[in-house]
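Below is one structure; the comments refer to it alone.
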2 protein chains.
Amino acid sequence: MQELGIGEVVRRSGVPASTLRYYEERGLIGSVGRRGLTRVFDETVFERLALITVGRSAGFSLDEIALMFAADGRPRLDRAMLAGKADELDATIVRLTVMRDGLRHAAVCPAASHLECPTFRRILREAGSGG
Amino acid sequence: MQELGIGEVVRRSGVPASTLRYYEERGLIGSVGRRGLTRVFDETVFERLALITVGRSAGFSLDEIALMFAADGRPRLDRAMLAGKADELDATIVRLTVMRDGLRHAAVCPAASHLECPTFRRILREAGSGG
DNA sequence: GTCCTACTTCAAGTCGACTTGAGGTCAAGT
DNA sequence: ACTTGACCTCAAGTCGACTTGAAGTAGGAC
């Protein structure tokens, strides 16, 4: 597989070098090795970065994301954890959907304040009880 | 409407008093007034807190959430902004859905490492390009 | 040989969102 | 009168996720 310098990874991923070093330090991405001092990555780093980005925007911490990578070690626990995370995500998706609908409504609602709009308030109540 | 002390709000919302004070300072919730030194809230605070909670888990900053409340001031801009936020949310929801599917798959996938699983990698690629 | 560019380390700084702690007020109970 | 408990303010601390800056190295162009 092709070897990549950090600059190349920065260019192709848009992730700053400082962040890449930080992720490596945290064990989220692994450089293949070193050529002298400088890190050498391979193509798989982009997949990991994609997963990190998506995971972050899903509200997972870097530690949690790191756990998802841990292929070695107890796979049993790992898989249960993944399913758990999927459930968490499901709940989040529901809440976001409610929020999105609320915003869409508020954007066209004639009420002076969104908090005075019955529809918006109902939506909020649902979000509060459901989440 | 019924007047509530901060302790009551804490009990019914689960939000710590320190956080309530902080939100008030940031202009996210307004106490109705003061009775002596102590803050007095009314029932609408729960709706606001619900919106804040949902908004936070949707990845909005407190500043952004504060803007959503601003009923006064240019309503035109406000509504466009709300629609924009709704679009952002839509994108987020798509990404989360992809992530959730990826996790669900990984939870049952027989591959040793999730990164070796073709399905998982395809899902990631989609997430990366779509996000 | 020295300049440039791309990399390196390590410590410290930043930012958002809170939390914690010290010290004070006030009303009610004993 | 005094203690208790719920509240207050304000400054400082914490935590996660990075970023920034200073100082150094390694390899190629001139």
Side-chain angles (χ1 to χ4, degrees), chain A residues 2-42 45 48-69 85 88 92 95 99 131, chain B residues 2-42 45 48-69 85 88 92 95 99 131:
Chain A
Q2 202 191 335
E3 300 199 332
L4 304 162
I6 199 170
E8 189 70 18
V9 177
V10 169
R11 268 186 296 283
R12 285 175 53 183
S13 69
V15 177
S18 61
T19 305
L20 292 174
R21 295 196 192 96
Y22 177 68
Y23 284 172
E24 192 201 31
E25 188 188 325
R26 297 286 307 268
L28 285 156
I29 58 176
S31 52
V32 174
R34 296 294 180 104
R35 192 155 42 205
L37 268 181
T38 85
R39 288 163 182 81
V40 178
F41 300 93
D42 70 7
V45 77
R48 284 182 177 247
L49 288 175
L51 182 50
I52 293 167
T53 302
V54 174
R56 294 276 303 118
S57 87
F60 294 121
S61 70
L62 293 184
D63 280 349
E64 287 176 311
I65 295 170
L67 285 176
M68 297 179 195
F69 283 128
K85 292 293 172 198
E88 276 180 39
T92 303
R95 270 180 293 126
M99 176 104 182
Chain B
Q2 204 192 332
E3 300 199 333
L4 304 162
I6 199 170
E8 190 70 17
V9 177
V10 168
R11 269 184 296 282
R12 285 175 52 185
S13 69
V15 177
S18 60
T19 305
L20 293 174
R21 295 196 192 97
Y22 176 68
Y23 284 171
E24 191 200 33
E25 189 189 323
R26 296 287 306 267
L28 284 156
I29 59 178
S31 51
V32 173
R34 296 292 181 105
R35 190 155 43 205
L37 269 179
T38 85
R39 287 164 182 81
V40 178
F41 300 93
D42 71 6
V45 76
R48 284 184 177 247
L49 288 175
L51 181 51
I52 293 167
T53 302
V54 174
R56 293 277 303 119
S57 87
F60 295 121
S61 70
L62 293 184
D63 280 350
E64 285 176 312
I65 294 170
L67 284 177
M68 297 179 196
F69 283 128
K85 293 292 171 198
E88 276 179 38
T92 303
R95 269 180 293 125
M99 176 101 183

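These numbers come from the heavy atoms of this one structure, side chains and all, not from hydrogens, waters or symmetry mates. Numbers restart at 1 for each chain; the letters A, B, ... are given by sequence-line order, proteins then strands. None of these values were measured; they are calculated from a predicted model.
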Can you check the B:Leu37 CG to D:dC10 C1' distance for me, whole Å? 14 Å
What is the distance from CD of B:Glu25 to P of D:dC8, rounded to the nearest Å? 13 Å
When the distance from CZ of A:Arg21 to C1' of D:dA17 is rounded to whole Å, what number comes out? 16 Å
Separation of D:dC18 atom P from A:Tyr23 atom OH, nearest Å, is 4 Å
Which whole-number value in Å describes the distance from B:Arg39 CZ to D:dA6 P? 17 Å
A:Ile6 has an atom CD1; how far is it from atom P of C:dT5, in whole Å? 19 Å
Less than 4.0 angstrom from a charged side-chain N to a carboxylate O is my criterion; do B:Arg21 and B:Glu24 meet it? no
Would you say CZ of A:Arg12 has more than 12 non-hydrogen atoms from neighbouring residues, nucleotides or ligands within 6.0 angstrom? yes
Between B:Tyr22 (OH) and D:dA12 (C1'), how many Å, whole number? 15 Å
Is there a side-chain polar atom (N or O) of A:Thr38 under 4.0 Å from OP1 or OP2 of C:dC7? no
How about A:Tyr22 and A:Leu28: do any of their side-chain heavy atoms sit closer than 4.5 Å? no
State whether A:Arg34 places a side-chain N or O below 4.0 Å from either non-bridging phosphate oxygen (OP1 or OP2) of C:dT9. yes
Hey, are the side chains of A:Met99 and B:Phe60 touching, using non-hydrogen atoms and a 4.5 Å cut-off? yes
